[in-house]
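Structure record follows, encoded as structure tokens.
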Amino acid sequence: MLTISQLKNNTQEVIRLLGIKNIDTESKINEILAADQSRKSTQKDHNDLQSDLNAMAKEIGALMRKKEIGKANVLKVKTTGLKEKVKNLQEKQVELEDRIYHLLIELPNIPHPSVKPGINENDNELIEQHGEIFETHALPHWEIATKAGIIDFEAGNKLTGSGFPVYVGQGAKIQRALIHFFLDKATDQGYTEIEVPVIVNEDSAFGTGQLPDKDGQMYFLSQDKLYLIPTAEVPLTNLYRNSIVAQNELPIKLCGYTPCFRREAGSYGKDVRGLNRLHQFDKVEIVQITKPENSYQVLEEMVSYIANLIKELDLPFRIMRLCGKDLSFTAALTFDFEVYSAAQKRWLEVSSVSNFESFQSSRLKLRYKDDNNKNQLLHTLNGSALALPRILAAILENNQDGNRIKIPEALVKYTGFDQIEI
RNA sequence: GGAGAGAUGGCAGAGUGGUCGAAUGCGGUGGUCUUGAAAACCAUUGUACCGCGAGGUACCGGGGGUUCGAAUCCCUCUCUCUCCGCCA
């Protein structure tokens, strides 16, 4: 969440930048600042009175020890009225803090200055494009995969419902190969591989900003009040919830493979055909925690890391900078990676890399000690590296060659085969 | 699922109504000593908010209560551990 000092120091600029996300926050921010003023004065009154009360309690204690019960009793009577006042002030203070907090967590992150306004995803800005896009009579991946017998969509329907495919034989192996390949690459790049729970508690879901914003998008286990993770970002980043890390531990670089679970309520049509949009899918995620002054350089690094990953798989792709409207609640700047899917003739998002600046760390209370030994919020970043289903879809659609599908060379040592016969 | 025990500072671990933001040990930081290091010794070492500052307030798992005063007593919730049962 944003901090009061962010709002106070730059009120007009913050309002303007949030406008780029296409929301008007002026009245809300003014309300927060006014409530904070009143909180401060309430707190001062409250603290002063409490201080008086504490002093009297001490005095009573001293009198009791000297057995001057009479004097003590006189003082006791005097505290009664004060106690009432303190209680009222305390209640008022808590009420104000509560109100400020609830207003604050409803504000999305401030977009980076490079973010353009835009109305929808068509306004996302093309940054780079790689690889060749060619005309082809390739079959869409759901047809070719079914024909080759490597994905059984029907079986998934039977077991669970739509959006839960079953991978068979070479299909299952290619999944495992991709996970292995992505983890090896990330490890080579200095990310520490972590295996985490795929079910998290409410605090964790709140820490990275999924709650309260995306409540309905997560699977919820009501018996235990736990959430299935929509991305490894949640457990990986929450490892550092409520901590103060030493400077020499920075930057923190983590990666992890997890299945991801998303309800995808409201999705329909061609968007959800085949592997395009699933309720359960596999993903390797990379996470970095950095000092504020380094985070944008780190974002660049992560972008080029992911670009190289897709290049190694020989897939045509492009990098988009999200416009304000398309930017998530929590992100300050996001680059999406989209691979071209030859048969569907469309771009499929396979990765999203974001800098959250201090938006997550303020919720997470994730800090470090700066050179002056003061605690400062860190910056958090993460990116998919990569999400499997659409990568597989693109491989199946782009690499069709007669009655076989060619496995990208970099993957062969992981799959153990270099083609899938149809 | 049944029975019991517990939750205190980075860690370990005292503390059962006032002098406790909290002993002690370990760890961390700074220093003395040393050619350097170790050891030893000395000092320092939690977080958040309010205040220009002096300083103040809160926090001993969370919430509520009793009391002039709560880490300490009461209620409640959560979590952890041990034993039994079940089990990859």
Side-chain angles (χ1 to χ4, degrees), chain A residues 1-9 32-105 195 197-207 211 220-227 235 238-250 252 259 289 358 361-378:
Chain A
M1 62 183 162
L2 300 180
T3 58
I4 297 264
S5 56
Q6 274 175 298
L7 300 183
K8 202 159 56 184
N9 296 340
I32 292 171
L33 293 177
D36 189 54
Q37 274 312 109
S38 129
R39 188 212 102 234
K40 276 189 189 179
S41 66
T42 307
Q43 178 171 349
K44 183 168 171 18
D45 295 347
H46 171 216
N47 286 173
D48 287 350
L49 275 191
Q50 185 60 254
S51 178
D52 293 348
L53 209 50
N54 288 348
M56 286 165 94
K58 250 182 197 163
E59 217 177 315
I60 292 170
L63 290 170
M64 299 288 265
R65 248 170 289 125
K66 284 191 268 173
K67 308 263 188 255
E68 300 186 36
I69 311 291
K71 282 189 185 171
N73 282 336
V74 173
L75 259 182
K76 275 195 201 182
V77 174
K78 278 176 74 178
T79 61
T80 333
L82 265 185
K83 274 176 75 176
E84 191 68 21
K85 278 189 199 162
V86 167
K87 201 177 174 189
N88 288 340
L89 282 168
Q90 206 227 41
E91 273 167 15
K92 190 177 166 196
Q93 186 187 332
V94 169
E95 209 178 288
L96 283 164
E97 281 169 351
D98 236 53
R99 197 165 110 225
I100 291 165
Y101 176 75
H102 284 288
L103 287 166
L104 270 181
I105 61 171
E195 185 175 315
V198 299
I199 300 177
V200 295
N201 59 28
E202 196 184 334
D203 285 347
S204 296
F206 177 81
L211 289 179
F220 179 58
L221 306 172
S222 59
Q223 230 172 355
D224 298 300
K225 297 199 172 75
L226 297 171
Y227 294 85
N238 270 283
L239 286 172
Y240 287 86
R241 171 151 46 90
N242 242 322
S243 51
I244 300 172
V245 295
Q247 280 215 41
N248 60 21
E249 289 178 58
L250 296 167
I252 291 163
I289 300 172
S358 60
S361 51
S362 64
R363 291 169 169 234
L364 293 161
K365 300 197 186 2
L366 167 51
R367 296 147 294 171
Y368 80 109
K369 286 209 185 292
D370 69 12
D371 294 330
N372 301 319
N373 221 27
K374 280 190 68 179
N375 293 332
Q376 304 281 2
L377 292 173
L378 285 160

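Lettering follows sequence order; numbering is per chain, from 1.
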Looking for any heavy atom pair under 4.0 Å, which part of the strands does N54(A) touch: base, sugar-phosphate only, or nothing?
sugar-phosphate
Rounded to the nearest 0.5 Å, what separation is found between the CG atom of N47(A) and the CD atom of Q90(A)?
10.0 Å
Whole angstrom value for the distance that separates C1' of G10(B) from CG of N242(A)
14 Å
Look at K369(A) and U47(B) and indicate whether a side-chain polar atom (N or O) is within less than 4.0 Å of OP1 or OP2.
yes
Grab the N/O contacts between the protein and nucleotides 69-71 of chain B below 3.5 Å, and write none if there aren't any.
residue: G69(B); atom: OP1; partner: K83(A); partner atom: NZ; Å: 3.4
residue: G69(B); atom: OP2; partner: K83(A); partner atom: NZ; Å: 3.3

Using whole Å, report how far CG of L49(A) lies from C1' of A58(B).
15 Å
Counting the atoms with a prime plus P, OP1 and OP2 as sugar-phosphate, which does N73(A) contact under 4.0 Å by heavy atoms, base, sugar-phosphate, or nothing?
nothing
Partners meeting ring pair (Phe, Tyr, Trp, His ring centres under 6.0 Å) with Y240(A) (sequence neighbours left out):
none
What's K71(A) touching, base or sugar-phosphate or nothing? Going by heavy atoms closer than 4.0 Å.
nothing
Could you tell me how far G63(B) sits from C81(B) if I compare only their P atoms? Round to whole Å.
23 Å
Determine: side-chain N/O of N201(A) to OP1/OP2 of C79(B), distance under 4.0 Å, yes or no.
no
Whichever of N373(A) and Q50(A) has its nearest RNA chain B nucleotide further upstream toward 5':
N373(A)
Using heavy atoms to find the nearest nucleotide of RNA chain B for H46(A) and K87(A) separately, return the residue whose nucleotide is more 5′.
H46(A)
Rounded to the nearest angstrom, tell me the gap between atom CG in L75(A) and atom C1' in G18(B).
14 Å
Gap separating the CG atom of L75(A) from the OG1 atom of T80(A), nearest 0.5 angstrom
10.5 Å
Measure from the side chain of I60(A), starting at C-beta and using heavy atoms only, and say which of C68(B), G56(B), U47(B) lies closest.
C68(B)
Return the polar atom pairs (N/O with N/O) between nucleotides 50-52 of chain B and the protein under 3.5 Å, or none.
residue: C50(B); atom: OP1; partner: R39(A); partner atom: NH2; Å: 3.2
residue: C50(B); atom: O4'; partner: Q43(A); partner atom: NE2; Å: 3.4

